[in-house]
Every structure is written in C-alpha cells, then in structure tokens.
Trainee: 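Would you mind keeping the following structure in view while I ask a few things?
Both ligands and their constituent atoms are indexed starting at 1 by order of listing. Values below: every heavy atom of this structure, side chains too, minus hydrogens, waters and symmetry copies.
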Amino acid sequence: MSNIREVALTAGVSVATVSRALTNPEKVSEESLKKVHDAIKAVGYTPNLLARNFRAAKSFAIVVLVPDITNPFFSQVIQAIEDRAQQKGYAVLLGDTRETSKREQEYVNRVETRLADGVIQLRPQSMSSSTQKIPWVNACGCEGTPGPSIRVDNIAATKAMVGYLTSLGHRRIGVISGLKDNPHSIDRLQGYKSGLTAAGIAFEKELVAEGDFTMWSGQNAAKQFFRLKQMPTAICSMNDEMALGATQALKAGGLRVPEDVSVTGFDDIPYAKYWEPGLTTMAQPAEEIGKLAMDTLLRVIEGEELSNLELVLPTEIVIRQSTCAPPAN
Ligand code: RIB
C-alpha cells in the first residue's frame with residue numbers, strides 16, 4: 001500500500017509539504033498542490049481524511065447559503081466557489097435558505113458544531129449576531145452589508161441602466177422590483193430614482209411593479225403595466241429572470257419588444273443571450289465574485305481579521321436586441 005513518503009517522492013516535494021497540502025492546503029502554493037494531487041493519483045494513495053481532519057481540527061467543508069438555488073445567477077457564483085474550494089481541498093455544502101433565517105441557522109449550526117469551517121452568505125441580508133462569531137463572508141450583498149463583503153455597486157449600476165434608457169430617448173420608464181424589503185430592491189430602486197433625477201424625469205409610483213426576483217413574478221408584474229392609462233416605453237427589471245418573464249407577458253399582450261417596449265435586466269445569466277429578443281442587461285462578474293468569496297473565506301478561517309474588507313467589483317451594460325429608441329408618437 002502506498003504511503004505519504006511515496007507521494008512526496010513522486011511529487012518531488014518534502015513529506016512536510018504533502019502533509020501540509022492535506023491539512024492546510026491554503027498554505028501551499030497552487031503549483032505544489034497540483035504536484036501533490038497528481039502524485040496521490042499516480043501512486044494510488046488514500047489519505048485517512050478523518051485522521052487528517054482530527055489533527056487539523058478542521059472539517060475541510062464550507063457552507064454556502066443561497067437565497068434561491070433555482071436562480072441561474074447564483075448557480076454561476078456557486079460553481080465558481082465550488083471550483084475554487086476543490087482546488088483548495090474543501091467540499092461545499094449547499095444551504096438553500098429560501099430567504100428564511102431559520103433555515104440559515106440550521107446551516108450555521110454545522111459550523112458551530114465543527115461539521116463545516118465557515119460560511120459564504122449569498123443573501124443580501126446581514127447575518128444574525130450569533131452567525132457573526134463564526135468565519136463567514138458575504139458575497140452579492142449591498143451597500144452597508146457588514147464585511148467581509150464582495151459585491152457590486154447596485155445603486156450605480158441601476159442608475160447607469162436608466163441612464164442608458166434615457167439616452168435612447170425613453171422618458172416613461174417602468175421598474176420591476178424584487179420584494180420591497182429586500183436590500184437589493186432597496187438599493188436598485190434608489191439607483192432607478194437617481195437615474196430618473198439625472199435625466200430630469202419625475203418619479204411616479206405607478207411605474208413601480210413589485211415582483212420577487214422569479215420569472216413568473218416578472219410576468220405578473222408586467223401585466224400590472226397593462227392596467228395603466230399609458231404603458232411605459234421601457235421596463236427596467238431588477239434581475240434577468242423577471243425581465244424574461246416580463247418579455248413573455250408583453251408579447252402575450254400583443255406588444256413588440258423592443259419596438260413598443262424596451263426591456264432590460266440585471267445579472268447577465270446565460271439565458272439572457274439566447275432569449276428572443278436577446279436581453280440587454282447589467283452584467284455582474286458572477287465567477288469573480290465566487291472565486292474571491294472563497295479566497296476571502298479561507299483567509300478568515302486562517303484567522304485574518306477582515307471585517308472591514310469590502311470589495312466592490314465592476315458591472316457592465318451588455319447591449320442586445322431587447323432595447324431601442326421609444327416608438328415615435
Ligand atoms: O437575489 C436576487 C438577485 O440579487 C439576483 O438575481 C441577483 O441580481 C442578486 O444580486
């Protein structure tokens with residue numbers, strides 16, 4: 001049976017490096033980690049992981065709390081976290097909180113009982129106070145979410161999207177929000193209002209339709225606009241899923257997108273490109289967010305004090321076929 005010495009010999013590193021790669025992978029360079037993993041495969045070594053975990057007093061697992069696992073934006077972030085975690089020798093436990101603190105707490109208990117080493121919170125809400133004592137990182141949060149946090153500037157991004165629509169000539173712009181008390185809805189609504197103000201357009205309450213970030217809610221929200229005396233010529237949706245649902249409802253109601261109503265989203269999920277018409281949207285760097293979240297959590301697990309760390313990543317407007325100038329009349 002192969003042993004750790006054989007692995008070290010095959011990898012061309014010391015026994016101590018192999019041992020560190022198994023117990024503290026974050027302390028080993030990517031290059032050495034790869035050599036060790038290749039050698040483990042080559043010699044057929046099976047590490048005793050339970051003994052390793054016991055020695056290191058770690059579980060080598062982390063929890064990712066996600067508000068809605070069916071949202072493709074979060075799938076992209078989770079995929080990046082998982083890739084990074086695997087490179088670093090960690091397993092990922094997924095907790096779909098469905099926006100409830102009770103479910104969140106059940107997963108947090110795993111860290112408190114050492115079944116996991118830390119948490120990446122993808123909910124924009126701040127964590128409960130008990131949670132803040134364990135190693136955790138917030139990703140996809142909002143302005144004011146306690147750190148360490150990795151996020152985009154939701155206010156500036158939505159303002160920029162409204163700026164793009166006004167630059168096309170739109171003056172009557174509807175918005176589809178998430179649930180009103182969701183921090184993302186609050187920030188993005190603020191951005192929407194600032195975008196209107198910057199273009200000298202007064203805010204009108206009737207142009208806000210509430211959804212809950214799901215596709216069907218976008219469909220329902222768009223139907224509300226049909227009840228108005230005058231339809232908006234553009235709809236700025238607070239995420240892509242709702243924008244896709246809204247496009248369906250507009251088309252079913254006999255309107256053309258974008259000739260009668262332009263529609264924009266937020267996230268740039270993979271479907272946005274393949275939708276008919278292709279969705280103009282505000283792209284968030286999902287992969288980068290996930291990767292940085294995992295790297296940051298590993299630093300916190302290692303004892304670094306990063307509560308003031310706030311990484312704000314850039315967003316970018318991706319212009320596709322769902323937007324054009326408003327109809328002339
Ligand atoms: O939680 C819902 C939305 O917030 C997602 O679609 C994404 O935009 C995230 O930031």
Trainee: Flag yes if Phe73 and Leu179 sit in one hydrophobic cluster, no otherwise; membership is Ile, Leu, Val, Met, Phe, Trp, Tyr, and two members link when side-chain heavy atoms are under 4.5 Å apart.
Mentor: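 No; Leu179 is not reachable from Phe73 via cluster members.
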Trainee: Is the shortest distance from a Lys or Arg side-chain nitrogen in Glu206 or Arg172 to a carboxylate oxygen in the other one below 4.0 Å?
Mentor: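 Salt bridge between Glu206 and Arg172, a charged N being under 4.0 Å from a carboxylate O: yes.
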Trainee: Could you tell me if the side chain of Val43 sits less than 4.5 Å from the side chain of Leu9, heavy atoms only?
Mentor: no
Trainee: Answer yes when Asp268 and Arg320 have at least one side-chain N-carboxylate O distance shorter than 4.0 Å, and no when they do not.
Mentor: yes
Trainee: What atoms of ligand 1 come closer than 4.0 angstrom to any heavy atom of Asp267?
Mentor: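 The list of qualifying atoms is 5 (C), 6 (O), 7 (C), 8 (O).
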Trainee: Taking both backbone and side-chain atoms of Arg188, is any N or O found less than 3.5 Å from an N or O belonging to ligand 1?
Mentor: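 Among all N and O atoms of Arg188, at least one is under 3.5 Å from an N or O of ligand 1.
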Trainee: Under 4.0 Å from a heavy atom of His184: give me the atoms of ligand 1 that qualify, with their elements.
Mentor: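 Near His184, meaning under 4.0 Å from one of its heavy atoms, ligand 1 has 1 (O), 4 (O), 9 (C), 10 (O).
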Trainee: Within ligand 1, which atoms have a heavy atom of Asn71 less than 4.0 Å away?
Mentor: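 Checking each atom against Asn71, I get 5 (C), 6 (O).
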Trainee: Before signing off on this row, confirm whether Gln284 and ligand 1 have an N or O atom pair separated by under 3.5 Å.
Mentor: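 Yes, Gln284 has an N/O under 3.5 Å of an N/O on ligand 1.
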Trainee: Parallel, tilted or perpendicular: which one describes the rings of Phe213 and His184, with boundaries at 30° and 60°?
Mentor: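 Plane angle over 60°, so perpendicular.
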Trainee: Check whether the side chains of Thr281 and Asp240 place a donor and an acceptor atom closer than 3.5 Å, and report yes or no.
Mentor: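 A pair is found: one side chain offers a donor N or O, the other an acceptor, under 3.5 Å apart.
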Trainee: Decide whether the shortest distance between a heavy atom of Glu241 and an atom of ligand 1 is less than 4.0 Å.
Mentor: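 Judged by the 4.0 Å heavy-atom criterion, Glu241 does not count as contacting ligand 1.
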Trainee: What atoms of ligand 1 come within less than 4.0 Å of a heavy atom belonging to Asn239?
Mentor: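 Here the atoms of ligand 1 in question are 6 (O).
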